[in-house]
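Numbering starts at 1 and runs along the sequence shown.
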Amino acid sequence: KEDWVKNVFNKQIKPAIKKLPHANDLHSLKFNPTTKGYQSELKITSKKYTYGRELRDEIRELLTSMGYNNLIQSNN
């Protein structure tokens with residue numbers, strides 16, 4: 001899992017997220033791999049509450065287009 005975070009999440013997914021239209025409102029991204037099955041957790045925190053929903057939806061759409069599960073948690 002550490003190799004996946006280093007090579008895929010940090011080098012492919014994060015840069016793609018930073019190119020999204022509301023990415024300027026992103027405060028933090030936290031990826032938590034879990035030990036149960038294939039589930040993991042991606043927590044996003046936005047700078048502005050008003051754009052948090054749009055940013056979350058953009059990230060969900062991006063992850064789905066990349067073939068990943070789109071279940072994420074948004075902390076505003």
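Between Leu20 and Ile17 there is a side-chain heavy-atom pair separated by less than 4.5 Å. By the 4.5 Å heavy-atom criterion applied to side chains, Leu42 and Tyr68 are not counted as neighbours. For the pair Leu29 and Ile13, the minimum side-chain heavy-atom distance is 4.5 Å or more.
Note on ring orientation: taking the six-membered ring where Trp is involved, the planes of Phe31 and Trp4 are tilted (angle from 30° to 60°).
To the nearest 0.5 angstrom, Arg60 atom CZ is 9.0 Å from Thr64 atom OG1. Summarising the geometry, atom CG belonging to Asp57 is positioned 7.0 Å from atom CD belonging to Glu54; distances are rounded to the nearest 0.5 Å.
Applying the side chain to side chain contact (heavy atoms under 4.5 Å, CB included) test to Lys30 and every residue at least two apart in sequence or in another chain returns Asn32, Lys43. Considering only residues two or more places apart in sequence or on other chains, Asn10 meets the side-chain hydrogen bond (donor to acceptor under 3.5 Å, both in side chains) condition with none of them.
Side chain to side chain, Glu58 and His22 meet the donor-acceptor criterion of an N or O pair below 3.5 Å.
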